[in-house]
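The sequence lines fix the lettering, A, B, ..., with proteins before strands; numbering per chain opens at 1.
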There are 2 protein chains.
Amino acid sequence: MTAHCLPLHEIEARLRAAGIQPTAQRLAICQYVLCQADHPTAEQVKLWVDDHFPKISLATVYNTLNTLAQAGLLRELRLSDRDSAVYDANVSEHFHFVDEATGRIWDLEPTAIDVRPALGEGFQVRHVDVVLRGTVTTPAD
Amino acid sequence: MTAHCLPLHEIEARLRAAGIQPTAQRLAICQYVLCQADHPTAEQVKLWVDDHFPKISLATVYNTLNTLAQAGLLRELRLSDRDSAVYDANVSEHFHFVDEATGRIWDLEPTAIDVRPALGEGFQVRHVDVVLRGTVTTPAD
DNA sequence: ATATTTGCAAAGCCTTTGCAGGGGA
DNA sequence: TCCCCTGCAAAGGCTTTGCAAATAT
């Protein structure tokens, strides 16, 4: 739920730039995942695409999501207490807040959390995953 | 890998205190998981117990680990890039560092990281998960 | 005696893979 | 034409579940 909808040709350009053939199925998936969806699961992507594209298989959905993630256009997110992965169109560094009641996921700007690992020597940090869990009383954002 | 080995009767007492029957299988599992193991998977627990107990089923291993986790004696940990869960005898609040080369997991004392969520109003944080990933050049701990 | 627990096998869930057919370059 | 992509179904890996036998209180 990063974003403003991208025009189709812009999505197409992005795929090409990443060396990914902009097939009809991939474009359909991208329209949803890159623009409209809010941390959807593969199943949710499938459901949406089923309503907007004649025929697509779940395998293709998975394959496409993996391809996009590998190309850096999408981020796969696996949460401890969730059985299925979700996909995040926000690929810049950020953290997550999970509403324990609804399961809704919010993106947190990196400035919202100060992670300063004071590790022993020899530890080189390449990646930081932060997931906050709790409740939200105001439905705004 | 919290710990010094607990004597058997101490483990037994802990189980009783948690309202868990200290059966032979559970005691065997606890000896490994609470004392000797370092973030093992269920499969690893099974392997160890197979060498120290006549007969145990994988289902019982899973059930026991779940029981222990539910009782707060153990913490189940699911990492994004790992297909199977690992179990942590350290149940106090702490974070994790994953060596991307070896997969080894290190516990980080909570003071090692300063997480200060600057969230909007209405957000109540109940839990913070932090996983650092990177490399370790010195094998010390 | 009654309630738990175990073992085994089967099922479940999410995800990946193999392969033949189809579409794009 | 040639290669990549898709669909389908089957397989795969991890974990849970159902049920009868065994065990604990």
Side-chain angles (χ1 to χ4, degrees), chain A residues 8-9 11-13 15-33 39-47 49-50 52-71 73-87 103, chain B residues 8-9 11-13 15-30 33 39-47 49-50 52-71 73-87 103:
Chain A
L8 246 186
H9 64 81
I11 293 179
E12 207 176 313
L15 290 183
R16 280 194 211 285
I20 301 172
Q21 268 186 43
T23 65
Q25 289 89 337
R26 287 173 174 169
L27 286 172
I29 290 171
C30 282
Q31 277 186 71
Y32 180 61
V33 166
H39 302 96
T41 62
E43 198 63 45
Q44 290 173 316
V45 175
K46 170 93 165 68
L47 288 176
V49 179
D50 275 341
H52 298 254
F53 193 82
K55 224 177 194 178
I56 201 164
S57 75
L58 186 56
T60 296
V61 171
Y62 274 107
N63 290 337
T64 298
L65 292 172
N66 284 341
T67 300
L68 295 173
Q70 223 171 300
L73 297 173
L74 206 57
R75 182 168 157 193
E76 185 187 289
L77 197 60
R78 285 169 192 273
L79 301 174
S80 321
D81 42 14
R82 201 89 112 221
D83 35 4
S84 31
V86 301
Y87 297 84
Chain B
L8 246 188
H9 63 80
I11 292 179
E12 207 176 313
L15 291 183
R16 280 194 210 287
I20 300 172
Q21 271 186 42
T23 64
Q25 289 89 338
R26 286 173 177 169
L27 286 173
I29 290 171
C30 283
V33 166
H39 302 97
T41 62
E43 198 64 45
Q44 291 173 314
V45 174
K46 171 91 166 68
L47 287 176
V49 177
D50 275 342
H52 298 254
F53 192 82
K55 224 178 195 177
I56 200 163
S57 75
L58 186 56
T60 296
V61 171
Y62 273 108
N63 291 337
T64 298
L65 292 172
N66 284 341
T67 301
L68 295 173
Q70 221 171 303
L73 297 173
L74 206 58
R75 182 168 157 193
E76 185 189 290
L77 197 60
R78 285 169 192 273
L79 300 174
S80 321
D81 42 15
R82 203 98 108 212
D83 36 4
S84 31
V86 301
Y87 297 85

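Taking each heavy atom of B/A42 and B/L58 in turn, the nearest pair found is O-CD1, 4.4 Å. When all heavy atoms of A/T41 and A/S84 are compared, the closest pair comes out as CG2-OG, 4.0 Å. Taking all atoms of both residues into account, the shortest heavy-atom contact from B/C30 to B/L15 is SG-CD2, 4.0 Å. Listed here is the closest heavy atom pair of A/V49 and A/A28: CG1-CB, 4.1 Å.
Near DNA chain C, defined here as any heavy-atom distance below 4.0 Å, there are no residues from residues 16-32 of chain A. Looking at residues 74-81 of chain A, you'll see A/R78 sit with a heavy atom under 4.0 Å from some atom of DNA chain C.
Atom CG in A/L68 sits about 14 Å away from atom C1' in D/dC5, given to the nearest Å. In this structure, B/K46 places its NZ atom 17 Å from P of D/dG13, rounding to the nearest Å. Per the geometry, CG belonging to B/D83 stands 8 Å off P belonging to D/dT15, to the nearest Å. Rounded to whole Å, atom P of D/dC4 lies 15 Å from atom CD of A/Q70. Taking atom CD1 of residue A/I56 and atom P of nucleotide D/dG7, one finds them 5 Å apart after rounding to whole Å. Atom pair B/E12:CD and D/dA24:P shows a separation of 11 Å (rounding to whole Å applied).
Using a 4.0 Å heavy-atom criterion, one finds that A/N66 contacts the sugar-phosphate atoms exclusively.
Summary of the strand contacts: A/K55 and B/Y62 both lie near DNA chain D, and taking for each the nucleotide with the nearest heavy atom, the more 5' one is attributed to A/K55. Nearest-nucleotide mapping onto DNA chain C: of A/N63 and B/T64, the residue sitting toward the 5' end is B/T64.
A/R26 contributes atom CZ, which lies 14.0 Å from atom CD1 of A/I11 (distance to the nearest 0.5 angstrom). For the atom pair CZ (A/R78) and CG (A/D83), the distance works out to 10.5 Å, reported to the nearest 0.5 Å. With rounding to the nearest 0.5 Å, the separation of CD1 in A/I29 from NE2 in A/H52 is 13.0 Å. The NZ atom of B/K46 sits 12.5 Å away from the CG atom of B/L65 when rounded to the nearest 0.5 Å. One finds the NE2 atom of A/H39 at 8.5 Å from the CZ atom of A/R75 (value rounded to the nearest 0.5 Å). Note that the CD atom of B/Q70 and the CD atom of B/E76 stand 10.5 Å from one another [nearest 0.5 Å].
Each end of the helix from C/dA1-D/dT25 to C/dA25-D/dT1 yields a helix axis from five base pairs, and these two axes differ in direction by 30° (to the nearest 10 degrees).
Checked against side chain to side chain contact (heavy atoms under 4.5 Å, CB included), A/L8 has the following partners two or more places apart in sequence or in another chain: A/L27, A/Q31. The salt bridge (Lys or Arg N to Asp or Glu O under 4.0 Å) search around B/E43 returns none, not counting sequence neighbours.
Read 5' to 3', the first and last nucleotides of DNA chain C with an atom closer than 4.0 Å to a heavy atom of chain B are C/dT4 to C/dA9.
Put simply, the side chain of B/R82 gets close to the backbone of B/G103: a donor and an acceptor are under 3.5 Å apart.
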Could you walk me through whether A/T23 and A/T64 satisfy the side-chain contact (heavy atoms from CB on, under 4.5 Å) test, starting with their C-alpha distance in whole Å, then the side-chain angles of each, then the deciding distance to 0.1 Å, before giving a yes or no? CA-CA 10 Å; A/T23 65; A/T64 298; over 6 Å; no
